[in-house]
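To keep things clear, I will list the structure first and then write my remarks on it.
Model, not experiment: these values are computed from the prediction. Proteins come first, then strands; the chains are lettered A, B, ... in the order of their sequence lines, and each starts at number 1.
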Amino acid sequence: MSGSETSTIMKTKNLSVGYNRKTVLSLVDLCFEKGKFISLLGPNGSGKTTLLRTMAGLLPPCDGSVLIDQIPLSEFRQEYLAGILSVMLTDRVSPGLFSVFEFVALGRYPHTGFLGRLKEADKKIVISSLSQVHARDLVSRQIETLSDGEKQKVLIARALAQEPGLILLDEPTIHLDLKHRMEVMSILQNLCRKKGITVVASMHDVDIAAKISDQVVLVKDGGIVSWGPPENILNKKSVAALYDFDGASFNPDLGSIEIKCNGNRGAVFVVGGIGCGAVFYRLLAKRGFAVSTGVLHTNDLDYYVAMSLGAKCITRSPLEKITRDQIDEALPLVSQADYVIDAGFPVSGLNQMNTELIRYALAQGKPVFTLRKEEDVKRFLQTDSENLIICENEIRLLDKMEKEKSRLKLPYL
Amino acid sequence: MKEHQIKENIAVQPKRYRSLFVFFTVVLLFSAALNIMLGSINISFSELFRIIHTHDTVTTNGFIVWKIRIPRTIAAVIGGAYLSVSGLLLQVFFRNPIVGPFILGISSGATLIVSVVMLTTLSLGFTALAPFLTTLSALAGAYATMAVVLLIAAKVKNAITLLIAGLMMGYLCHAVTSVLVAFARQENLKMFVLWQLGSFSGFKWSEIRILFIFGGLILVLVYALSKPLNAFLLGEAYASTMGVNIRVFRFLIIFCSCALAGMVTAAAGPVAFIGLAVPHMARLCFVTSDNRILIPGTVLTGAIVTGLCDLVARLAFSPIELPISSITAFFGAPIVISLLIKRKVSI
């Protein structure tokens, strides 16, 4: 414990934050280590921004204290603090007629003299700050002419020019396109890894936060729900509870969020495995079908995707041969399904039995859509039923299936 | 190659500004000379040179130059400079390009107290102060308004709220002034209306000296604030995290701005649009928002523009002299309107 104490840069002790005595978050006890990437996660209005502003010294704490190197924030001289801590806020910044160089040079404020005249060393730091955010070629552009993504990078460069040990960022990737979002995140990650700067950022993308953060802090309902390494903290349950969502789920193994299928357009059974089914599960969920699938080994990609999409799933332990028992379990699902899809999985000794499911469906007179080539169909399935419909890709398959559906529906009307 | 270029860019900038400053100073001197030479009696350059060189105050021309034209020119030039800087400070402070010294109600406050003194019999008790009464009451009004505004500034953190408070103060003062005007006696009213039109005429050397010294000191203070002023361009939150003591700084900006505007209003009456339009002209000329450049730039631009406006006011329908505010409004109003439409020039 004493070892980690020495590398602590910021700590909050029994902290309550809020505006004008209206407390937004209370009992915040956090501890940020040097050179770590910390993400604050939580729904809109949960108090992430208020917490960040309090940690930046922009708001006085309602109770408790924020400590930097064991010293309360309020005891720092403002200009001295600016050399330790810098911020990037969501406030709109339009300083007027400044070149990028002049703008980033404003970040030298705590290090320059009375009139803010730049020395050679200051100029070098400005240029290197711009290089670190891959924005060196913007140096003589006017601030007002920059795109959102470029502006965001320049704002980070300004924060860097302060030469802080700790940067607090409020929603650093908001309003950015995918390219700039990824670029900004990798820039921030590099600041931690290479420069040893502690980065504390409020974030919206749980999946990205999980991938790059050393620590995540879950903020909700007026307090910190939990905090620690994302590997320990973020799971399907905690993320669903954090954002109160049912329609989607976070899968820590995949590191992504899947939108669940609660479809009412009909039941589809996918015979999948070895990664062939995943694309179908997502596609079917997207188009509003209820998905069931099997038999999958529990180390299969298909299994993870199916689970996070909320599909019904018949499973088998990894590396064990699928037997009659699992097939019998899956057969009722096949019977209930309106359609069956054969995802075209490679057939081996372990999953040989899955072909049984397809033959069963055909025997029941259900239309089966397959991605296999004609000769493979004969080889693996030993059938030439006319209910077996061969398709060349996933989209074609779905289109054919939907056409079939409208054709079949008519008599019931 | 690139590094070399970058270094060169950074090194070249001060020189560009230096030549601009030299150019503006020359233009200022030239326009001041025009102000002194032209009028109902034209004085040639050689005559002017002789009068100044020999310090001739005896001949008619000499009297005109030393007692009328030069004081008026200096008053217009430094008055314009002060008003412009006052406007610049307020534009930075409120981070709003459509703001001038009048917006805080400074001039309305000054006008109110002047109207109280001029239009009522209140002044009868202060006969000893009679010669300075207008000046003193205008200053008192300006600072009283400033005190109220500062009181509000201490309470509210939000600049927009303060802006609205200033606007309301202005309306309030204006309303009281209108009531006083409605009840005023005819002969009092004429004097008040003349003052309210605004003019740089009739300045004495002693007044100019006071204006020059106090205003000059405040200009030095403003220039010393240019570093936090620059930080303030990013907004209060950023400025604060960069090390600016926001409370002290807010107080200083308002103090300087009100003092400069109040001083000029007291002496010359309310002069419209200079404080609002000139900072934009300076920004367009110097192509920067860096206050270390913009403050001296605004001083020069304000001096030139106001000097020329005063010249036009005197010459356009000579011998009838137009109020300075009408001329500044002719130039200022289109600028404000185009700013509102384009929204291109930001602070």
Side-chain angles (χ1 to χ4, degrees), chain A residues 19-20 53 56-59 76-83 85-99 101-103 105-118 120 122-124 126-127 130-131 136-137 139-140 142-144 155 158-159 161-162 164 168 170, chain B residues 2-3 5-14 88 91-92 95-97 156-158 223-249 279-280 282-295 297 343-347:
Chain A
Y19 296 94
N20 306 327
R53 290 181 87 92
L58 290 169
L59 277 175
F76 279 95
R77 258 187 55 239
Q78 228 157 343
E79 203 151 320
Y80 183 75
L81 187 64
L85 184 156
S86 69
V87 299
M88 199 186 92
L89 306 163
T90 45
D91 303 15
R92 204 175 66 90
V93 174
S94 54
L97 303 164
F98 274 102
S99 73
F101 180 88
E102 290 167 325
F103 180 79
L106 290 178
R108 296 302 297 159
Y109 191 98
H111 304 282
T112 51
F114 191 60
L115 279 176
R117 194 154 288 144
L118 298 175
E120 270 317 305
D122 294 313
K123 290 179 187 173
K124 266 192 195 132
V126 171
I127 297 289
L130 277 167
S131 306
R136 196 172 150 169
D137 48 330
V139 70
S140 47
Q142 285 289 311
I143 279 286
E144 305 282 310
L155 279 170
R158 188 213 63 80
Q162 261 174 259
L168 305 175
D170 196 5
Chain B
K2 216 169 204 176
E3 183 138 7
Q5 218 171 354
I6 289 161
K7 270 194 183 148
E8 211 155 67
N9 277 348
I10 297 160
V12 155
Q13 275 168 356
L88 174 69
Q91 287 173 8
V92 173
R95 298 206 295 138
N96 186 338
V156 295
K157 272 234 149 60
N158 189 339
Y223 191 73
L225 285 175
S226 55
K227 184 183 168 188
L229 272 169
N230 281 348
F232 211 76
L233 286 172
L234 302 189
E236 274 183 24
Y238 274 113
S240 169
T241 61
M242 282 157 80
V244 180
N245 187 334
I246 295 294
R247 275 190 171 226
V248 173
F249 179 70
H280 291 297
R283 255 176 232 120
L284 289 174
C285 294
F286 288 84
V287 204
T288 184
S289 294
D290 185 344
N291 290 295
R292 289 169 296 179
I293 307 296
L294 210 51
I295 290 167
R343 269 286 185 179
K344 269 218 164 140
V345 179
S346 51
I347 49 160

#### Entry: Part of A:I143 lying under 4.5 Å from any heavy atom of chain B
neither
## Note on the structure
Of the listed A:L168, A:T112, A:L81, the one with the largest count of heavy-atom pairs under 4.5 Å with chain B is A:T112
### Task
Could you check if a side-chain atom of B:V244 sits within less than 4.5 angstrom of a side-chain atom of A:Y109, using non-hydrogen atoms only?
yes
### Task
Identify which part of B:Y223 has an atom lying under 4.5 Å from any heavy atom of chain A, answering side chain, backbone, both or neither.
both
### Task
Answer yes or no: does atom OH of A:Y19 have more than 12 heavy-atom neighbours from other residues, nucleotides or ligands under 6.0 Å?
yes
### Query
Between B:R292 (side chain) and A:G116 (backbone), is there a donor-acceptor pair under 3.5 Å?
yes
### Message
So, using side-chain hydrogen bond (donor to acceptor under 3.5 Å, both in side chains) as the criterion, who are the partners of A:R158 when residues are at least two apart?
### Response
A:Q162
### Message
As an exercise: rank A:V93, A:L85, A:V87 by heavy-atom pairs under 4.5 Å with chain B and give me the winner.
### Response
A:V87
## Note on the structure
So, the part of A:R53 with a heavy atom under 4.5 Å from chain B: the answer is side chain
### Query
Side chain, backbone, both or neither: which part of A:F76 has a non-hydrogen atom closer than 4.5 Å to chain B?
neither
### Message
If you apply the rule side-chain contact (heavy atoms from CB on, under 4.5 Å), what do you find for A:L106 with B:Y238, and how did you get there?
### Response
CA-CA 10 Å; A:L106 290 178; B:Y238 274 113; over 6 Å; no
